[in-house]
Amino acid sequence: MNVSHASVHPVEDPPTTDGGNAPRVRMKDIQGMPGTPGGLTLRICQLIFAVAALCVMATTSDFPSVTAFCFLVAAAGLQSLWSLSLAIVDIYALLVMRSLQNNRIVSLFAVGDGITSTLTFAAACASAGITVLIDNDLQSCSQNHCVQFEYATAMAFISWFTALPSFLLNFWSLASR
């Protein structure tokens, strides 16, 4: 009976040139991180909702009389500029197929996202409190633009809600290095 037998030939591991330290394996870019289509989608959503909050609040005639509404306009303006600039960076990274996983870039994005998302959330909370005060407690919604205030506040909350994943992913990427 002519049967072939399998034979195992051991193969040696080639020596590494860096003194025994194996190169670190990078994880695949997760959607939502800078330089990915998901990250660009998050930036565009942040931009749309922040611009909507800014425009609606700025078109009312009596928003400057309340500090919380001025704070919302300032925070939404900052969020709009930040999201627009990072959307442009994401578009560039996607067009040239470049990864944005540099330590300095990720730390800049994480700090910027943290600051802008915190300011947007604080402004939305303050505006929501004033809107509830005007509507429920003072019963003076007929004299004010309550619907516009509520709409702008809701858009600011949605803008914060879309900014939060960007911050968390950037912070996680920075912390896992």
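Hydrogens, waters and symmetry mates are skipped; everything else that's a heavy atom, side chains included, is used.
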- Query: Side-chain heavy atoms under 4.5 angstrom apart, residues restricted to Ile, Leu, Val, Met, Phe, Trp, Tyr: same cluster for Leu40 and Leu95?
  - Reply: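 Same cluster.
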
- Between Met155 and Leu72, is there a shared hydrophobic cluster once you connect ILVMFWY residues whose side-chain heavy atoms come closer than 4.5 Å?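 Shared cluster, no.
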
- Task: Determine the minimum heavy-atom distance between Gly35 and Leu94, stating which atoms define it.
- Result: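 Of all heavy-atom pairs spanning Gly35 and Leu94, the closest is O-CD2, 3.2 Å.
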
- Message: If I compare all heavy atoms of Val106 with all of Leu100, which pair ends up nearest, and what's the gap?
- Response: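 Heavy atoms only, the tightest pair is CG2-O, 3.5 Å.
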
When you measure from the side chain of [X] to the backbone of [Y], do you find a donor-acceptor pair of N or O atoms at a distance under 3.5 Å?
X: Ser176; Y: Trp172; value: yes
X: Ser127; Y: Ala124; value: no
X: Ser117; Y: Gly114; value: yes
X: Gln148; Y: Val56; value: no

- Message: Asp90: which residues meet the salt bridge (charged side-chain N to carboxylate O under 4.0 Å, His left out) condition with it, sequence neighbours left out?
- Response: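 Asp90 satisfies salt bridge (charged side-chain N to carboxylate O under 4.0 Å, His left out) with no residue once adjacent residues are dropped.
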
- Task: Quick one: sort the Phe157 and Phe121 rings into parallel, tilted or perpendicular, breaks at 30° and 60°.
- Result: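 Perpendicular: the ring planes of Phe157 and Phe121 meet at over 60°.
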
- Query: Parallel, tilted or perpendicular: which fits the ring planes of Phe167 and Phe171, with parallel below 30° and perpendicular above 60°?
  - Reply: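 Ring orientation, 0 to 90° scale: parallel.
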
- Could you point out which residue of Thr131, Asp137, Asn136, Asp135 forms a side-chain contact (heavy atoms from CB on, under 4.5 Å) with Leu133?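 Of the listed residues Thr131, Asp137, Asn136, Asp135, the side-chain contact (heavy atoms from CB on, under 4.5 Å) partner of Leu133 is Asp137.
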
- Do Gln101 and Met33 come within less than 4.5 Å of each other through their side chains, counting heavy atoms only?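 A side-chain contact exists here, since the closest heavy-atom pair is under 4.5 Å.
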
- Message: Pairing donors with acceptors under 3.5 angstrom, does anything connect the side chains of Gln79 and Ser159?
- Response: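 Their side chains do not contain a donor-acceptor pair, so the 3.5 Å distance test is not met.
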
